[in-house]
Amino acid sequence: RMPGFIIHLTEAAMIMDYMKMKPDSDWKQEFLLGNLLPDTRLGAEKAISHFWSPEGGENIARAPKLSCFLEKYGHRLDEPVILGYYAHLYLDERYVDGYWPKILVFEDEKGRPEPRREFIHQVRLKQNGRLIPFQEFFSSEYYYGDYTRSNHWLVERYHIRAPKYRHLENVNMDEVDASKLYEVLEELQCICHKGRAGDEKKLKVFDLTELEAFVQGTASAFCQHMRNRGIYGFI
């Protein structure tokens, strides 16, 4: 349900571009690896790595509880791995609570807004009013297919490349197993080389201009957030 690898790395690329102090290659590498760390957990365990709130477990999506992450790791935001991890959660939170409500509505059988997975009957796209049966929405035909169809355009535009695997020392996070990054990077490598020019013209759920603007706005807000916290490299 959350943004795919390429959208997360697009945000990461924008953040590094916005930084006052340009990071060196080692910093970039660790920041990008940290940005992918939350996705080393799969299935139900994503609730742990993504710091999902315990409330709303019956809903179609839950946003990370950023305050919980900051309470535990906020004192380590000067570490590129931790900063990258937080950037991932920051995008997810804005995606669920801000972007989704702008582009779609989950509805029950009577067309009323309905966040609970069990009672959702259809999805209404706000840009054109189109109704998609809920059981068809999260599929290669619609939602996940649009991730695939937009990936090539984002990879080329923002020069996205899978970072090289390296053993991350001193991660010291209970929520993830950094050694599983290797599997994530293998999948990412395949994604980066998939797709063709023009695929982005066949989107069915997302509007690419709106999606790019959302990620840019999120990256800019994240940088301002870091400036407010006095994080080195942003001030």
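Heads up: numbering here begins at 1 and tracks the sequence.
With Glu114 as the fixed residue, the side-chain hydrogen bond (donor to acceptor under 3.5 Å, both in side chains) test singles out one of Arg116, Arg117, Lys110: Arg116.
Smallest separation of non-hydrogen atoms from Ser140 and Arg149: O-NH1, 3.5 Å. Summarising the geometry of Lys102 relative to Gly98, their closest heavy-atom pair is CG-O, 3.4 Å, with the distance given to 0.1 Å. Tyr165 and Gln29 get closest at one heavy-atom pair: N-NE2, 4.4 Å. The nearest pair of heavy atoms linking Ser49 to Leu89 is O-CD2, 4.1 Å. Heavy-atom minimum distance, Ile48 versus Arg41: CD1-NH1, 3.9 Å.
A salt bridge between Lys180 and Glu183 is absent, with no side-chain N of the basic residue lying under 4.0 Å from a carboxylate O of the acidic one. A salt bridge between Asp146 and Lys202 is absent, with no side-chain N of the basic residue lying under 4.0 Å from a carboxylate O of the acidic one. One finds a salt bridge joining Lys72 and Glu175 here, because a Lys/Arg side-chain nitrogen approaches an Asp/Glu carboxylate oxygen to under 4.0 Å. The residues Asp207 and Lys126 are annotated as not salt-bridged, no charged nitrogen and carboxylate oxygen being separated by less than 4.0 angstrom.
Side-chain N or O atoms of Asn59 include none that pairs as donor or acceptor with a backbone N or O of Ala61 at under 3.5 Å. One N or O on the side chain of Glu200 and one on the backbone of Gly198 form a donor-acceptor pair closer than 3.5 Å.
Relative ring orientation between His225 and Tyr90 is described as parallel, the plane-to-plane angle staying below 30° on a 0-90° scale split at 30° and 60°. A perpendicular orientation is assigned to the rings of Phe137 and Phe106, their planes being inclined by more than 60° (bins at 30° and 60°). The aromatic rings of Trp52 and His50 are tilted relative to each other, their planes meeting at an angle between 30° and 60°. In this pair, Trp153 and Tyr158 present their aromatic rings perpendicular. The plane angle is above 60°, beyond the 30 to 60° band.
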Does Tyr95 form a side-chain hydrogen bond (donor to acceptor under 3.5 Å, both in side chains) with His8? I'd like the steps, not just the answer.
CA-CA 11 Å; Tyr95 189 81; His8 275 295; over 6 Å; no

I would like to know whether Glu55 and Ser53 meet side-chain hydrogen bond (donor to acceptor under 3.5 Å, both in side chains); could you show each step before the answer?
CA-CA 5 Å; Glu55 300 87 30; Ser53 171; 2.3 Å; yes

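Aromatic rings from Tyr85 and Tyr73 are positioned such that their centres are separated by 6.0 Å or more. Between Tyr18 and Phe234, the distance separating the two ring centers is not shorter than 6.0 angstrom.
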